[in-house]
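See below for the structure under consideration.
Values below: every heavy atom of this structure, side chains too, minus hydrogens, waters and symmetry copies. Every number for a ligand or one of its atoms is a count from 1 in the order of the listing. All residue numbers in this chain count up from 1 along the given sequence.
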Amino acid sequence: MKFEELDIIQPIQDALKEKNYTEPTPIQEQSIPLVLEGRDLLACAQTGTGKTAAFSIPMIQRLNENPAQGRRKIRGLIITPTRELAIQIGENIKEYSKYTKINHTVIFGGVKQGAQVNRLSKGVDILVATPGRLLDLISQRIINLFDIEIFVLDEADRMLDMGFINDIKKVLKLLPRKRQSLFFSATMPDNIVKLSREILYKPEKVEVTPVSSTAETIQQYIYYTNKSSKKNLLRHIIKVNEMDQVLVFTRTKHGADRVARDLKKKDITASAIHGDKAQNQRQKTLKQFKNGEVTVLVATDIAARGIDIDKLKFVINYDIPDQAETYVHRIGRCGRAGEEGIAIAISEPEENVHVKGVERLIKQKLIAVEDNPFPQTEKPMTAAERKEWNKEKKKRRDEYFANRKKKGNSQNKRRRH
Ligand code: AMP
């Protein structure tokens, strides 16, 4: 199918042509006609399927039918969980709407509000927002939602995972009853379905690539190694595959920093991105990664959510997540929109059990790489060893906190003197 067959107006068609989009992705093919008809939508689709365009294009088109007379009012609202996603959605809308009469802006927390407020004061048609900043500006009476015609809740499952449920409920109370609502989520557990019922009116359901299916265009490999060899193995993998752009996932922020530091020591340009980094620093790192100044981007799951890198070929799982769905989300960063992707996982003995979980979920075996200079020689701990190890870990943690407390007390005393 071609975009021309979807009744999309010429100004948007022209913008799509400039982006070299010729055919709609399945979620776009299914959603766009329904949204153009004014229907509510319950869409099950993860990032990488083209979902942003699936809601943005018909939103722009519908709002463009009645362009604002006089001062613009916010008529389209898109709520999304992270700043990165908000910015990315904003970038997409900017491109799709460039030949229409529709404008937009993006608001998110973690930065001063001044510039955002200035932009809002000039009047916007579409607002892309994270929940916290949106409510904040509503409470200051800088924004109101009286004129919303189309409301999109993006990444609803992640939104709930991140604890935004109350914020969303507050926003819902402020929306006009008469509106069109689109609800996007990668997964549809019971709590999400329940939330969708509070938002949608007689929705049409569309679904593409449920989370258990990984894109067919992604080849998936695994290296089994020892914990102590991971660092060297990662370097080996980057070198032998001549990777010039690779996204590496770690479970923790410390892990991300450590991996980036170790690579830099060996002259591989690397940067870490995670929740402790300032917003502008994260944006800078992402930009450097996108334009090739940084070869390796090391990210935690939350920070990477919504990172959208055109034509990213390589994703490395530096650890195997205990939630198999996380693995699927991670590797979904590469091989997007039909491009080739290669996902490589590294498993230490304690993680072998998680590999089994992943293989069960995706219903396929990861290809174990034989040519591995750092093979796994150690065994996972037995139950008794694990118990002992956990005890030891707890002891060390308790000691650490006790010491910190002691230090803090003595410093306070000193200050008082
Ligand atoms: P999304 O799922 O919205 O994060 O989109 C995933 C990626 O696919 C983004 O890089 C989009 O720019 C790209 N994309 C979206 N729609 C199309 C299309 N119809 N043809 C080619 N690429 C697309």
* Sidechain-backbone polar pair: His104 side chain, Gly90 backbone, donor-acceptor under 3.5 Å -> yes
* To do: Would you mind reporting whether Ile74 and Ile143 have side-chain heavy atoms less than 4.5 Å apart?
  => yes
* To do: Using distance alone, determine whether Lys19 and ligand 1 share an N or O pair under 3.5 Å.
  => no
* Answer yes or no: does an N/O atom from Glu23 fall short of 3.5 Å to an N/O atom of ligand 1? => yes
* **Any N/O pair Phe3/ligand 1 closer than 3.5 Å** => no
* **Any N/O pair Thr22/ligand 1 closer than 3.5 Å** => no
* **Atom CG of Asp371 with >12 non-hydrogen neighbours under 6.0 angstrom** => no
* **Thr52-ligand 1 polar pair, N/O distance under 3.5 Å** => yes
* Is it true that the NZ or CZ of Lys230 lies under 6.0 Å from the centre of Tyr318's six-membered ring and within 45 degrees of the ring axis? -> yes
* Identify whether the distance between the nearest side-chain nitrogen and carboxylate oxygen of Lys98 and Glu18 falls below 4.0 Å. => yes
* Report, in ascending order of atom number, the atoms of ligand 1 lying under 4.0 Å from any heavy atom of Thr49. => 2 (O)
